[in-house]
2 protein chains.
Amino acid sequence: MKAPIPSATVARLPRYLRCLADMSTVSSQCSSEHIAEGAGVTAAQVRKDLSFLGSHGTRGVGYDIDELMVQIKAVLGMTKTFRVVVVGAGNLGSAITNYRGFETWGFEIVAVVDNDSNKIGSAIDGFTVEAFASLGSIVAERAVQIGIIATPPAAAQLVADELTAAGVRSILNLAPIVLKTGDEVSVRRVDLSTELGILAYHLSQP
Amino acid sequence: MKAPIPSATVARLPRYLRCLADMSTVSSQCSSEHIAEGAGVTAAQVRKDLSFLGSHGTRGVGYDIDELMVQIKAVLGMTKTFRVVVVGAGNLGSAITNYRGFETWGFEIVAVVDNDSNKIGSAIDGFTVEAFASLGSIVAERAVQIGIIATPPAAAQLVADELTAAGVRSILNLAPIVLKTGDEVSVRRVDLSTELGILAYHLSQP
DNA sequence: TAGATTGTTAATCGATTAACAATC
DNA sequence: TAGATTGTTAATCGATTAACAATC
């Protein structure tokens, strides 16, 4: 029986991991208090979250940093790698393609595609931009598992449909639009525009 | 007595607004059901959220799209504009500077700075990259209100300190690190790396 | 009036916090 | 043993959902 980890806890695990990585250079042990400080949450929150992974701490002592990192990595599925296609070679797509953080999580970009003939054939971070029309064959031949949508919002749904048709079952959507997909496709969204809206709200508060 | 709007509601308002903007081209009225579909939430959720803004709907009819947009814009503070400095002219900083979504929320980029002498003087989207050392005078002379941190994580805290010292009271932090700032500074974080971690978790689930 | 849809209530659900026994 | 810190419980808090009276 796999323990179901609450989504709020999952969302904090990557932060704990980064925090542990920072601490691992100076120590081998840490307390929930240490992690809490680095991650910007309470110590009780940290202990509660880590309890979902099982008991890996030692009472009176704390957690072994390396061991805890291994546990978190296992839970987050960082033992696997995933092949990614980036759709959209504009500013956002370029930034994503250049982003070094992907390797950390086991994401390997295998193609960058666009439907703009001016961009096709140009180079981005060592990748040659390929035609959007080739998406199906690229997905099939390179066993692409994840599609990142970095297109203007108007194109995003079409891209999602094409990715789905090609057999991709996981999408990271950076376009500020809610995609309509079947239940077999899991979509996550990162929406800078919405974040700016929230920021604007807080700024306008007295 | 200003009604305190729950943070979860605030986070959804920008999405409702975009959704309403899309619908406004084809209709002048809409129901909570329509908004819910476009925003990917339940109709009950929409009505509950909108109730915090006051009663702007008509029972049996729905909401007037234009009027509702005005209400949401007012609540989100979109009647104001904010001057922004982008710190970091790397890939992320460039993508941010090129991002057209800023104007929507009243954010006006007035400077892009970096501490890399190779980047200083180069052009990004019409801006000439200026020296990080000039941050203080730039903030003062151009009345900068918001700092966007688009640097590597190792530099982010220093940048935050400098922004704070220069008098900036709002920071959007794109670096994957928790900033330590005084209570007078409000920080929001957008962390692509954490999002990738969450995505990896969901991908590795059966 | 009949049909539709809001605004609001109460119930449910899930997440956070505080406290402390367990135990190194 | 004394001090420290975990793991877990119970209480609290906040957000979501379902239902429906109000009312256009």
Identify the pairs formed between an N or O of the protein and an N or O of nucleotides 9-16 of chain C at a distance under 3.5 Å, and give each distance.
unit_1, atom_1, unit_2, atom_2, d
dT16(C), OP1, R12(A), NH1, 2.9
dT16(C), OP2, R12(A), NH2, 2.9
dT16(C), OP2, Q45(A), OE1, 3.4
dT16(C), O5', Q45(A), NE2, 3.4

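Annotation: side chain of Y63(A) is in contact with side chain of R47(A) (closest heavy-atom distance under 4.5 Å). Within the 4.5 Å cutoff, no side-chain heavy atoms of T97(A) are placed close to those of F102(A). Side-chain contact check for T164(B) versus R169(B): some heavy-atom pair is nearer than 4.5 Å. Looking only at side-chain heavy atoms (C-beta outward), V87(B) and F132(B) come within less than 4.5 Å of each other. Two residues are said to be in side-chain contact when any heavy atoms from C-beta on lie closer than 4.5 Å; Q157(B) and L179(B) meet this criterion.
The main-chain N or O of L174(B) is never found under 3.5 Å from a side-chain atom of R189(B) such that the two would form a donor-acceptor pair. A donor-acceptor pair is defined here as one N or O able to donate and one able to accept, closer than 3.5 Å; such a pair exists between the side chain of R83(A) and the backbone of R142(A). In this structure, the side chain of S204(B) engages the main chain of Y201(B) through a donor-acceptor pair within 3.5 Å. Side-chain N or O atoms of S134(B) include none that pairs as donor or acceptor with a backbone N or O of S137(B) at under 3.5 Å.
Across the strands present, dT9(D) finds its partner in dA18(C); the criterion is a Watson-Crick or G-U wobble pair with both atom distances under 3.5 angstrom. Remark: dT23(C) base-pairs with dA4(D). Criterion, Watson-Crick or G-U wobble with two distances under 3.5 Å.
Atom CZ in F52(B) sits about 13 Å away from atom P in dG7(C), given to the nearest Å. Taking atom CG on L53(A) and atom P on dG7(D), their separation rounds to 10 Å, with Å as the unit. Rounding to whole angstrom units, NE2 of residue H56(B) and P of dT8(C) are separated by 11 Å. Going from atom CG of L50(B) over to atom P of dT17(D) covers 15 Å, rounded to whole Å.
When each of dC24(C), dT6(C), dG7(D) is scored by its nearest atom to the side-chain atoms of T58(A), the top-ranked nucleotide is dC24(C). Side-chain atoms of R59(A) lie closest to dA21(C) of the nucleotides dC20(C), dA21(C), dA18(C).
Each of S55(B) and V61(A) was assigned the nucleotide of DNA chain C with the nearest heavy atom; the assignment lying further toward the 5' end belongs to S55(B).
In this model, the phosphate group of dT6(C) is approached by a side-chain N or O of R47(B) to a distance below 4.0 Å at OP1 or OP2. A close approach under 4.0 Å does occur between a side-chain nitrogen or oxygen of Y63(A) and OP1 or OP2 of dG7(D).
Using a 4.0 Å cut-off on heavy atoms, the residues of residues 29-41 of chain A that approach DNA chain D are S31(A), S32(A), listed by number.
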